[in-house]
Visitor: 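Encoded as structure tokens, here's the structure I'll be asking about.
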Amino acid sequence: MGKVVLVTGVARQLGGRFVRRVQREPDVDRVIGVDAVPPGHHLGGADFIRADIRHPRIARVLAEHGVDTVVHMDVNGTPLGKRGSRASVKETNVIGTMQLLGACQKTPSVKRLVVKSSTNVYGSAPRDPAIFTETTPPKSLPSGGFAKDVVEVEGYVRGFARRRPDVAVCVLRFANILGPCADSPLAEYFALPVLPTVLGFDPRLQFVHEDDVIEVLRIASGEPRRGTLNSGTFNVAGDGVLLLSQAARRLGRPTLPFFLPTVTWVGSALRSVGVTDFSPEQIRLLTHGRVVRTTQMRETLGFDPRHTTAGAFEDYARSRGPGLLPPETLARTVDRIAAALPAGRGQK
């Protein structure tokens with residue numbers, strides 16, 4: 001018999017795409033999709049079970065269906081379809097993960113666990129290293145928002161790994177996920193007609209394309225290929241970085257710089273118009289940026305993304321349509337202003 005794979009968070013586009021993809025694996029016999037709400041998209045030949053992972057019923061689902069592989073994708077920074085609130089998202093991320101891990105611990109058939117995490121665990125601080133590795137401790141732990149959620153989630157996963165050493169555990173720390181269907185907090189930010197920024201800062205950002213997310217999840221959920229190991233913690237990001245100013249020009253979005261003390265007020269205003277996770281941690285990212293090393297992703301996990309950071313952003317930008325200003329015109333204007341400045345004035 002082939003593997004029985006259970007996937008959480010299948011009502012989101014990314015979860016649905018992974019369910020459809022993993023069904024094509026030759027060693028997979030059955031795929032079970034779980035979410036608190038029915039998905040608005042098809043799941044191929046997968047079975048859908050309506051269950052909230054925050055409730056103990058998820059343990060019965062694992063036991064009754066003899067699940068051996070769990071792919072936990074229900075860790076997110078935004079509500080599904082703009083329903084719910086930041087509080088409900090946090091409950092699903094943290095309480096839901098606790099319940100799911102408790103269910104996995106009590107289910108002997110579970111042999112592999114894959115968790116969708118985020119590079120947000122490193123936080124963003126002025127004295128951060130230039131590049132984070134998987135073993136780099138953050139200078140200051142995130143104090144709120146989605147970043148704090150993933151820190152707590154990973155803490156529970158480490159506890160589970162100690163209690164069930166027989167289970168192969170893979171934690172994938174994704175950089176900001178972008179693409180036509182992206183629903184991350186940063187995707188919401190870039191969709192604004194005018195981008196608020198922090199005066200005097202131009203952070204370095206990394207992205208990973210949603211197509212690459214699906215592929216690396218497939219690799220992590222299967223048996224490791226020869227010469228690779230798909231257990232452990234891995235940073236996942238496309239090659240290269242983009243400055244926030246470069247991203248704004250490529251979108252054709254004008255920026256509106258604010259002094260850092262006033263950005264908290266701006267964040268409150270943005271939350272009032274539907275940007276759900278413009279938290280202090282998100283503001284720190286847009287101030288100090290974050291870059292991670294992906295050596296382990298390539299050399300140990302054996303995964304090479306098809307899309308660079310710039311390529312992932314370009315695909316996202318195409319899906320959103322033109323901004324208020326054509327990117328070519330905006331780029332020419334910025335270049336003219338830079339050329340008109342006295343030598344050294346345009347440098348940071």
Side-chain angles (χ1 to χ4, degrees), residues 13-14 17 76-78 116-124 128-134 136 146-147 150 172-192 195 197-198 201-217 219-220 233-253 255 277 281-321 323 327-328 330-331 334 348:
Q13 290 290 336
L14 200 64
R17 284 190 59 188
N76 301 283
T78 57
K116 169 181 168 281
S117 186
S118 168
T119 58
N120 279 281
V121 295
Y122 300 115
S124 295
D128 278 347
I131 302 176
F132 284 99
T133 69
E134 287 83 353
T136 306
F146 178 56
V150 292
L172 299 173
R173 290 176 176 168
F174 291 106
N176 296 284
I177 299 172
L178 286 184
C181 299
D183 62 355
S184 64
L186 205 61
E188 287 189 337
Y189 167 77
F190 283 128
L192 295 170
L195 304 181
T197 60
V198 181
F201 292 88
D202 197 7
R204 299 175 303 154
L205 302 173
Q206 279 179 313
F207 308 114
V208 57
H209 196 283
E210 56 193 25
D211 292 351
D212 288 323
V213 172
I214 300 301
E215 181 61 17
V216 74
L217 284 166
I219 292 173
T233 300
F234 302 94
N235 294 329
V236 181
D239 282 346
V241 300
L242 273 182
L243 298 176
L244 179 56
S245 60
Q246 293 174 317
R249 289 200 297 270
R250 295 181 188 197
L251 279 170
R253 302 281 201 274
T255 58
D277 195 42
E281 296 307 316
Q282 189 79 351
I283 294 169
R284 290 189 184 99
L285 173 65
L286 296 174
T287 304
H288 307 295
R290 184 191 307 117
V291 177
V292 299
R293 192 180 303 281
T294 56
T295 303
Q296 293 301 315
M297 174 191 75
R298 300 173 187 281
E299 296 183 357
T300 304
L301 187 59
F303 174 66
D304 286 299
R306 289 180 53 204
H307 301 267
T308 63
T309 283
F313 189 82
E314 182 182 351
D315 199 26
Y316 166 82
R318 278 197 301 265
S319 71
R320 298 291 165 156
E328 298 81 4
L330 187 58
V334 170
K348 295 290 183 188

Visitor: Applying salt bridge (charged side-chain N to carboxylate O under 4.0 Å, His left out), name anything that partners R284, two or more places apart in sequence or on another chain.
Guide: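 Counting only residues at least two positions away or on another chain, R284 forms a salt bridge (charged side-chain N to carboxylate O under 4.0 Å, His left out) with E281.
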Visitor: Any donor and acceptor pair, going by atom type alone, linking the side chain of R253 with main-chain N or O of L192 inside 3.5 Å?
Guide: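 Yes; at least one donor-acceptor contact below 3.5 Å.
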Visitor: Of all residues at least two apart in sequence or in a different chain, which pass the side chain to side chain contact (heavy atoms under 4.5 Å, CB included) check with L243?
Guide: D202, R204, S245, Q246
Visitor: Counting distance only, does the side-chain N/O of Q206 pair as donor-acceptor with the main-chain N or O of V292 below 3.5 Å?
Guide: yes
Visitor: Decide yes or no for N235 and Y122: does some side-chain heavy atom of the first lie under 4.5 Å from some side-chain heavy atom of the second?
Guide: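 The answer is yes, as the side chains (C-beta and beyond) meet within the 4.5 Å cut-off.
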Visitor: Where the side chain of R290 meets the backbone of T119, is there a donor-acceptor pair that is under 3.5 Å apart?
Guide: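 Yes: the side chain of R290 pairs with the backbone of T119.
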Visitor: Which residues pass the salt bridge (charged side-chain N to carboxylate O under 4.0 Å, His left out) test with E134, sequence neighbours left out?
Guide: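 Listed in chain order: nothing, the list is empty.
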Visitor: Quick check against the 3.5 Å criterion: does T308 have a side-chain atom that pairs as donor or acceptor with the backbone of G240?
Guide: no
Visitor: So, using salt bridge (charged side-chain N to carboxylate O under 4.0 Å, His left out) as the criterion, who are the partners of D211 when residues are at least two apart?
Guide: R17
Visitor: Step by step, would you call L244 with L205 a side chain to side chain contact (heavy atoms under 4.5 Å, CB included)?
Guide: CA-CA 7 Å; L244 179 56; L205 302 173; 4.2 Å; yes
Visitor: Would you check if there is a donor-acceptor pair between the side chains of D315 and H209 at a distance under 3.5 Å?
Guide: yes
Visitor: What residues, two or more places apart in sequence or in another chain, satisfy side-chain hydrogen bond (donor to acceptor under 3.5 Å, both in side chains) together with Y316?
Guide: none
Visitor: Keeping the roles fixed (side chain from N76, backbone from S184), state whether a donor-acceptor pair exists under 3.5 Å.
Guide: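 Side chain of N76 to backbone of S184: no pair is present.
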Visitor: Got a sec, which pairs hit salt bridge (Lys or Arg N to Asp or Glu O under 4.0 Å) with one end in residues 298-308, sequence neighbours left out?
Guide: D239-R298, R298-D304
